[in-house]
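Everything on this sheet refers to the single structure shown next.
Not measured: the values here are computed from a predicted model.
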Amino acid sequence: MQYHFAAEIPESLADEVRQTIDRVRASSAPEEHSKEGADLVLRLTEACLDSYFLKPVRALEVGFVAEKATTVGVNAANRAIGLFVRRITGGLSGDQVLKLADLLEGMLFVRPDS
């Protein structure tokens, strides 16, 4: 059995993930979608960090200072991750972009009770 700890993302972002996967798989040159894949990974990272950190801090009403500190930390994490993602995805081969599409598809699912 494989367990997952999921993060909520907007439906519009989920739609974009599906559309990007379809475009990559339909492309005769998937490597041309490397930047698009990187941009999508960064938007997913931002949404997931928001879901994991900012949403709970707001829901727990721990106060302005804690919320602000969490926001600063999440923003710093997003910037650092962005540098890393752009560096590693800049020269992905077509096979690697297709693998990225597979990985994204494997992480995207609808919560059964929603």
For Glu32, give me all partners under salt bridge (charged side-chain N to carboxylate O under 4.0 Å, His left out), at least two apart in sequence or on another chain. none

Please enumerate all residues that pass salt bridge (charged side-chain N to carboxylate O under 4.0 Å, His left out) together with Glu16, with sequence neighbours excluded. Arg43

Donor-acceptor under 3.5 Å (Ser34 side chain, Gly91 main chain):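 No.
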
Is [Y] close to [X] at the side-chain level, that is, under 4.5 Å between some pair of heavy atoms?
X     : Y     : result
Thr20 : Glu36 : yes
Ile9  : Cys48 : yes
Ser51 : Glu8  : yes

Considering residues at least two apart in sequence or located in another chain, which fulfil the side-chain contact (heavy atoms from CB on, under 4.5 Å) criterion with [X]?
X     : answer
Ala66 : Val62
Thr45 : Val41, Leu49, Asn78, Ile81
Ala59 : none
Gln19 : Asp15, Arg23

Nearest heavy-atom pair of [X] and [Y]: which atoms, and what distance?
X     : Y     : answer
Ala6  : Tyr52 : C-OH, 3.7 Å
Ala38 : Thr89 : CB-OG1, 3.1 Å
Ser27 : Pro30 : OG-N, 3.5 Å

Can you list the other members of the hydrophobic cluster that holds Leu92, where links are side-chain heavy atoms under 4.5 angstrom apart?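 Its cluster mates, by chain and number, are Val24, Val97, Leu98.
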
If hydrophobic residues (ILVMFWY) are linked whenever their side-chain heavy atoms come closer than 4.5 Å, directly or via other members, who joins Met1 in its cluster? Tyr3

Apply ring pair (Phe, Tyr, Trp, His ring centres under 6.0 Å) to Phe53 and list each qualifying residue two or more places apart in sequence or on a separate chain. none

I would like to know whether Arg25 and Glu105 meet side-chain contact (heavy atoms from CB on, under 4.5 Å); could you show each step before the answer? CA-CA 12 Å; Arg25 288 184 176 153; Glu105 184 178 55; 2.9 Å; yes

Distance, nearest 0.5 Å, that separates CE of Met107 from CG of Asp102: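 Rounded to the nearest 0.5 Å, the CE-CG separation comes out at 10.5 Å.
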
Verify same cluster id: Val57, Leu60 (apolar side-chain graph, 4.5 Å):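 Yes, Val57 and Leu60 fall within the same hydrophobic cluster.
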
Establish whether Phe5 and Leu104 are linked, either directly or via other cluster members, by ILVMFWY side-chain heavy-atom contacts under 4.5 Å. yes

So ring pair (Phe, Tyr, Trp, His ring centres under 6.0 Å) across residues 57-109, not counting sequence neighbours, yields none

According to salt bridge (Lys or Arg N to Asp or Glu O under 4.0 Å), does anything in residues 59-68 pair up with another residue at least two apart or in another chain? List the pairs.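 Listed by first then second residue: Arg58-Glu67.
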
Where at least one partner belongs to residues 74-98, residue pairs that pass salt bridge (Lys or Arg N to Asp or Glu O under 4.0 Å), sequence neighbours excluded: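 Every salt bridge (Lys or Arg N to Asp or Glu O under 4.0 Å) pair that includes a residue of residues 74-98, provided the two are not neighbours, is Asp39-Arg86.
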
